[in-house]
Amino acid sequence: MRTWMCEAGTFSGYETERCFHVRGIRYATSNRFDAPVPYSYEPGVHECIETSPFAVQLDSGLENNLMGISYGSMKQEESCQYLSITIPKTEQKYLRSVMVWFHGGGFHHGGCDSEAYDYELLAAEQDVILVGVNYRLGILGFGKTADGRYSNNGLKDAIESLKWIKANIASFGGDPDRVTLFGQSAGAELVRCIILSEGTETLYRRAILQSDPIGAMRSREAMEQEILTAARAVPDDADLETILQTEAEILSGVKEKGIAKYLKFAPHFGIAPLPPVEKTEARLQEVAAMHELLIGSTTREVSVYGGQIKPLIALDSFRLTEPVIEKIMKGLSASIFIEPAEEFARMYALAGGTVYLYTFYWREGKAYLGAGHTIDILPLFGGKRAEGHAIAMGLTADEIAEKGKPMRAVWASFAKDGEPSNLHVSGMLRIHKL
């Protein structure tokens, strides 16, 4: 049995043909509504072979419809500060680059060991170490603190995980000075918030933001106050059923008319460790030159949100109505994702950072879901769970894995060297340096 001894403890995992897996390592713990505190294991070997417990959450209709994944049936834990590590079995002559994945899900769904993510594909093929991180979601992560103020506890969890990785990853063969953060959707926004947070600059080297809904992070004050009022009504000793019921009421009942309504729960700017929004540029002046950035969006982000509405799909395929549907879809995609990401990329570059801006257009024009939100996780993590479901768009898992290899090479080369190996992946990616 292979074991790894590090500052946090001694761990064993399991192995497959190509990788070692150490799953469900606790990096911190917390009391309800409080900040995380580091966690260290007792002496002895700790077997870590089970999926990291998910954050407490409701089921997700979107993931269920797209991939048949039911988060409500997953093992959940209130203090969900766990991470999982995937290590290639190939001969190692140096410390490997480390890629740390923060899952998406609107800050109220998801988990690092979701069946949607096959870390082994990227780790073994590109010879990098993959770390997936869980953090608190919804009311417990971003609703309120113990004293009834705005909470950034989910963000604090993520930062605590990076401190754990910095201190311990060398024992697993990873280079603590070559850590690349990457995330999709809410996971990308979490990475952006880590970049902007106080005191994080030494915890990572590079960052990749995939489909960050930056547009939904604007003009949030009235909505956030309404959510905080609802969260304050939850007793500190409420059972989880009550917490989730309140969360459901917030998600369906908060009446925000602007773009912010698409991201009810999220980190709060101006609440430690995040600076106020107006100090974003000043913070980038401090850190951008230290960290290369790869950022981008898909061309039809919002297609997945209408992907289960058959009349809408029919209208999009009808010659007379297709231009109207596509105009609306691309307009929303631009205002929530594409244009704000481009604006942030330019701001980052002006602050002295090295920035690569990408456009993901895979399967555009070949399927209604083509180049939609979340579609980019398929070439990165494969389609084992997607095959036979809508998100696979008729492709087999083997076809998805093969077609995704060039994109995995681009992501890994950026993680290793700060520069994409290819600026154009035919039929999938266009990248340019700002």
Side-chain angles (χ1 to χ4, degrees), residues 1-16 19-57 74-89 92 95-103 110-114 117 119-120 123 128-137 140-141 146 153-179 181 190 194 199-200 202-204 240 273:
M1 178 176 62
R2 176 75 183 272
T3 61
W4 292 264
M5 181 183 296
C6 59
E7 181 180 301
T10 302
F11 307 100
S12 67
Y14 67 93
E15 61 181 290
T16 59
C19 289
F20 296 106
H21 300 265
V22 191
R23 307 181 83 181
I25 300 176
R26 179 177 282 285
Y27 64 84
T29 187
S30 60
N31 294 320
R32 181 176 292 182
F33 303 130
D34 283 341
V37 293
Y39 183 85
S40 291
Y41 283 78
E42 295 294 328
V45 178
H46 298 272
E47 186 179 62
C48 293
I49 60 173
E50 301 293 335
T51 298
S52 291
F54 283 48
V56 171
Q57 60 190 276
M74 303 296 184
K75 180 182 178 182
Q76 299 182 4
E77 195 169 310
E78 184 171 335
S79 181
C80 63
Q81 294 93 350
Y82 293 90
L83 55 80
S84 292
I85 305 173
T86 301
I87 309 157
K89 290 174 71 174
Q92 183 174 355
L95 291 176
R96 293 184 171 98
S97 294
V98 181
M99 299 183 70
V100 183
W101 173 250
F102 292 99
H103 68 82
C112 71
D113 286 336
S114 168
Y117 313 135
Y119 297 133
E120 185 164 306
V128 294
I129 288 179
L130 262 288
V131 183
V133 174
N134 277 349
Y135 53 95
R136 281 173 288 177
L137 304 171
L140 297 175
N153 282 331
L155 172 59
K156 291 177 180 178
D157 289 347
I159 293 171
E160 196 63 46
S161 78
L162 296 179
K163 293 178 182 177
W164 190 100
I165 291 166
K166 184 77 171 180
N168 295 283
I169 201 64
S171 298
F172 297 86
D175 188 342
D177 295 322
R178 286 196 299 161
V179 172
L181 316 181
L190 189 65
I194 292 170
T200 59
T202 63
L203 299 178
Y204 71 100
L240 292 179

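Nothing here was measured: the structure is a model prediction, and the numbers come from that model.
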- request: Could you grab the distance from atom CG of L240 to atom CD of E77, nearest 0.5 Å is fine?
  value: 10.5 Å
- line: Nearest heavy-atom contact between E78 and R136 is O-CG, 3.8 Å
query: Do the rings of H103 and Y135 sit parallel, tilted or perpendicular, given the 30° and 60° boundaries?
result: parallel
- prompt: Sub-3.5 Å donor-acceptor pair from the side chain of T16 to the main-chain atoms of C19, do we have one?
  reply: yes
query: Once you round to the nearest 0.5 Å, how far does NZ of K163 lie from NZ of K166?
result: 13.0 Å
task: Working to the nearest 0.5 Å, report the span between CH2 of W101 and OG1 of T86.
output: 13.5 Å
task: Examine distances only and state if a side-chain atom of N134 and a backbone atom of G111 form a donor-acceptor pair shorter than 3.5 Å.
output: no
Other residues, nucleotides, ligands: >12 heavy atoms within 6.0 Å of K75 NZ: no
- prompt: With side chains defined as the heavy atoms from C-beta onward, is the minimum distance between F172 and V131 less than 4.5 Å?
  reply: no
Side-chain donor-acceptor contact under 3.5 Å, S79 with Q81: yes
Would you tabulate the side-chain donor-acceptor contacts of residues 42-54 under 3.5 Å, counting partners in other chains and residues two or more places apart, or write 'none'?
residue	atom	partner	partner atom	Å
H46	NE2	E42	O	2.7
S52	OG	G24	N	3.3
S52	OG	S84	OG	2.9
S52	OG	D113	OD2	3.3

message: If the condition is side chain to side chain contact (heavy atoms under 4.5 Å, CB included), which residues does P273 pass it with, not counting sequence neighbours?
response: N152, L155, K156, I159, S197
query: Under the 3.5 angstrom rule, does the side chain of N168 hit a backbone N or O of C6 as a donor-acceptor pair?
result: no
message: Show the nearest heavy-atom pair for residues L130 and V128, with the distance to one decimal.
response: CD2-CG2, 3.6 Å
- request: Please name all residues satisfying ring pair (Phe, Tyr, Trp, His ring centres under 6.0 Å) with F33, sequence neighbours left out, ordered by chain then number.
  value: none
field: Gap separating the SG atom of C80 from the CZ atom of R26, nearest 0.5 angstrom
entry: 8.5 Å
- prompt: Under the 3.5 angstrom rule, does the side chain of Y27 hit a backbone N or O of L162 as a donor-acceptor pair?
  reply: no
field: Minimum heavy-atom distance between L95 and P176, given as atom pair plus value
entry: CD1-CD, 4.4 Å
message: The test is side chain to side chain contact (heavy atoms under 4.5 Å, CB included); show your working for V37 and T29 and say whether it passes.
response: CA-CA 6 Å; V37 293; T29 187; 3.5 Å; yes
message: Ring-plane angle category for H21 and Y14, please: parallel below 30°, perpendicular beyond 60°, tilted otherwise.
response: parallel
message: Whether the side chain of S171 engages the backbone of M5 through a donor-acceptor N/O pair (distance < 3.5 Å, no angle test) should be reported.
response: yes
For the student: nearest non-hydrogen atoms of G174 and V98, plus distance: CA-CG2, 3.7 Å
- prompt: Residues two or more places apart in sequence or in another chain: which of them pass side chain to side chain contact (heavy atoms under 4.5 Å, CB included) with R2?
  reply: W4, F20
task: Looking only at non-hydrogen atoms, find the nearest pair between P36 and E160 and report the distance.
output: CG-CB, 4.2 Å
query: What is the minimum heavy-atom distance between L137 and G110, and which atoms define it?
result: CD1-O, 3.9 Å
field: Residues in side chain to side chain contact (heavy atoms under 4.5 Å, CB included) contact with N31, at least two apart in sequence or another chain
entry: D34
message: I need the Q76 CD to Q57 CD distance, nearest 0.5 Å.
response: 5.0 Å
message: Run the side chain to side chain contact (heavy atoms under 4.5 Å, CB included) test against T202 and tell me which residues pass, sequence neighbours left out.
response: none
field: Close side-chain approach of I129 and I85, heavy atoms under 4.5 Å
entry: yes
message: What's the separation between atom CD1 in I165 and atom OH in Y204, rounded to the nearest 0.5 Å?
response: 14.0 Å
